[in-house]
Colleague: 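Can you keep this structure in mind? I'll have questions shortly.
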Amino acid sequence: MKILRAEFIKSCETPEQLPGERLPEIAFVGRSNVGKSSLINSLLNRRRLAKISGTPGKTRFINYFRITTGDPRLRDFYLVDLPGYGYAKVSKSVRAQWGPMIQQYITERKQLCGLVQLVDARGIEAQDVSTYAWLQEIGQAPLIVTTKADKLGHRERRASQEGIRGALGLSQADAPIVYSSATHEGRDVLWNAIREMVARNG
Ligand code: GTP
Ligand code: MG
């Protein structure tokens, strides 16, 4: 994918701050530290556009990146980095942790064309499963992408993919996209999927 422009627009703390400009939006969700910001940088071929941190739970607000590509079917749109879940010391439900603004964003944002849920390739956790179930329930079934694939060998990788598919009840046809932000494995496949989501719902 030829990226002509990629810029950080803003970090939104309240619904009023969400951009008024009506462009298609693709949002990323996943456990804190799963590699959302790294994946956004990898997709866009930028090193430090989205902030990477060693401390989970750093991204607390809705972060907007405005993208322009050379693909006429995907000219201008927003990539949206949502706060990670699973960082609270006290175990709370994902929805309680996310708070009303994120829930409202996911359920009501008209220009939201697709959600991408990231799951660590090394193993899925209960909160990943419950988040997936909730998104499905509200009619926002996410595309599943497994991250940090470079950390696994061939055999481990196959076993973990099967485990994740089983835990989420995905069919063979809906098998997760395998991604590594370290090697950029999966980048073209994910771009194709994003293009399809925007074509379908944009
Ligand atoms: P929050 O913003 O806290 O929710 O985290 P995040 O999901 O944005 O994760 P982030 O991209 O900040 O990455 C967390 C850690 O995982 C960092 O130390 C990254 O360098 C590392 N990491 C992310 N993706 C990969 C990957 O594909 N391979 C490897 N080896 N490490 C990765
Ligand atoms: Mg982040």
Side-chain angles (χ1 to χ4, degrees), residues 1 6-13 17 25-67 78-99 101-103 105-106 114-132 134-135 142-158 160-161 164 175-191 193-194:
M1 177 64 73
E7 58 177 328
F8 171 70
I9 298 293
K10 61 172 158 179
S11 205
C12 309
E13 251 185 284
Q17 293 171 343
E25 298 181 5
I26 298 288
F28 293 83
V29 299
R31 211 185 321 138
S32 190
N33 220 40
V34 71
K36 293 178 296 300
S37 301
S38 303
L39 183 140
I40 288 175
N41 288 333
S42 159
L43 266 180
L44 299 173
N45 228 339
R46 299 289 198 279
R47 272 166 192 264
R48 280 180 281 271
L49 191 64
K51 293 220 169 52
I52 316 289
S53 73
T55 331
K58 267 276 151 61
T59 312
R60 301 300 272 269
F61 307 129
I62 302 186
N63 292 317
Y64 270 82
F65 300 90
R66 195 184 191 285
I67 317 301
Y78 287 119
L79 286 185
V80 180
D81 190 7
L82 294 177
Y85 51 78
Y87 57 81
K89 292 219 171 61
V90 189
S91 165
K92 284 195 238 167
S93 79
V94 170
R95 280 191 278 164
Q97 222 183 77
W98 259 345
M101 181 167 70
I102 314 293
Q103 286 182 58
Y105 173 82
I106 290 175
L115 280 169
V116 180
Q117 185 180 357
L118 274 44
V119 174
D120 194 311
R122 294 168 296 177
I124 188 159
E125 294 189 8
Q127 280 198 317
D128 297 319
V129 178
S130 55
T131 302
Y132 180 77
W134 175 61
L135 292 173
L143 173 75
I144 302 292
V145 172
T146 61
T147 62
K148 310 190 187 184
D150 56 285
K151 295 198 181 215
L152 292 179
H154 249 343
R155 220 181 270 171
E156 292 171 304
R157 186 196 271 229
R158 198 179 306 159
S160 89
Q161 285 295 109
I164 292 168
I177 293 177
V178 179
Y179 206 98
S180 164
S181 299
T183 65
H184 306 303
E185 173 182 356
R187 187 157 61 182
D188 292 345
V189 183
L190 182 51
W191 269 121
I194 290 174

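These numbers come from the heavy atoms of this one structure, side chains and all, not from hydrogens, waters or symmetry mates. Read the numbers this way: they start at 1 and go in the same order the structure lists the ligands and their atoms. Worth saying up front: this structure is predicted, and the values here are computed from it rather than measured.
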Colleague: Is it true that the side chains of S181 and N41 contain a donor and an acceptor less than 3.5 Å apart?
Modeller: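 Checked: S181/N41 side chains show no N/O donor-acceptor pair below 3.5 Å.
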Colleague: When only distance counts, is N33 in polar contact with ligand 1, meaning an N/O pair under 3.5 Å?
Modeller: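 Yes, N33 has an N/O under 3.5 Å of an N/O on ligand 1.
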Colleague: Any N or O of K148 that comes nearer than 3.5 Å to an N or O of ligand 1?
Modeller: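 Min N/O separation from ligand 1 is below 3.5 Å for K148.
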Colleague: Give the single entry among S181, A149, S32, G30 that approaches atom 27 (O) of ligand 1 most closely by any heavy atom.
Modeller: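 The residue whose heavy atom sits nearest atom 27 (O) of ligand 1 is S181.
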Colleague: May I ask you to decide whether D128 forms a salt bridge with R31, counting only side-chain N to carboxylate O separations under 4.0 Å?
Modeller: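 Salt bridge present between D128 and R31.
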Colleague: Identify, by atom number and element, the atoms of ligand 1 in contact range of D150, meaning under 4.0 Å from any of its heavy atoms.
Modeller: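 So the atoms of ligand 1 that pass are 26 (C), 27 (O), 28 (N), 29 (C), 30 (N).
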Colleague: Looking only at distances, can you tell me whether any N or O atom of G35, backbone or side chain, sits closer than 3.5 Å to an N or O atom of ligand 1?
Modeller: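 Yes, there is a polar N/O contact under 3.5 Å.
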Colleague: Would you indicate whether the side-chain heavy atoms of V119 and P176 approach each other to under 4.5 Å?
Modeller: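 A side-chain contact under 4.5 Å is absent here.
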Colleague: Got an N/O contact under 3.5 Å between K51 and ligand 1?
Modeller: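 It does not: no N or O of K51 is found under 3.5 Å from an N or O of ligand 1.
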Colleague: Mark up the atoms of ligand 1 that fall under 4.0 Å of a heavy atom belonging to K151, in ascending order.
Modeller: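 Close to K151: 29 (C), 30 (N), 31 (N).
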Colleague: Compare all side-chain heavy atoms of S160 with those of R122 and state whether any distance is below 4.5 angstrom.
Modeller: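 Side-chain contact under 4.5 Å: no.
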Colleague: Distance from D120 atom CG to N33 atom CG, nearest 0.5 Å?
Modeller: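 That separation rounds to 8.5 Å.
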Colleague: Check this for me - ligand 1, L39, N or O atoms closer than 3.5 angstrom, yes or no?
Modeller: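 Not met; the criterion fails.
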Colleague: State the CG-SG distance between L82 and C12, to the nearest 0.5 angstrom.
Modeller: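 The distance works out to 10.5 Å.
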Colleague: Would you say S38 reaches the Mg ion (ligand 2) with an N/O/S atom under 2.8 Å?
Modeller: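 False for S38.
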Colleague: Which ligand 1 atoms are under 4.0 Å away from a heavy-atom of K36?
Modeller: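 So the atoms of ligand 1 that pass are 4 (O), 6 (P), 7 (O), 8 (O), 9 (O), 11 (O).
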Colleague: Which heavy atom in N63 sits nearest to a heavy atom in S11, and how many Å separate them?
Modeller: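 Between these two residues, the closest heavy atoms are OD1-OG, 2.5 Å.
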Colleague: Can you list the ligand 1 atoms lying under 4.0 Å from a non-hydrogen atom of S180?
Modeller: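 Under 4.0 Å from S180, ligand 1 has these atoms: 27 (O).
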Colleague: Compare all side-chain heavy atoms of I124 with those of Y132 and state whether any distance is below 4.5 angstrom.
Modeller: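 Not in contact.
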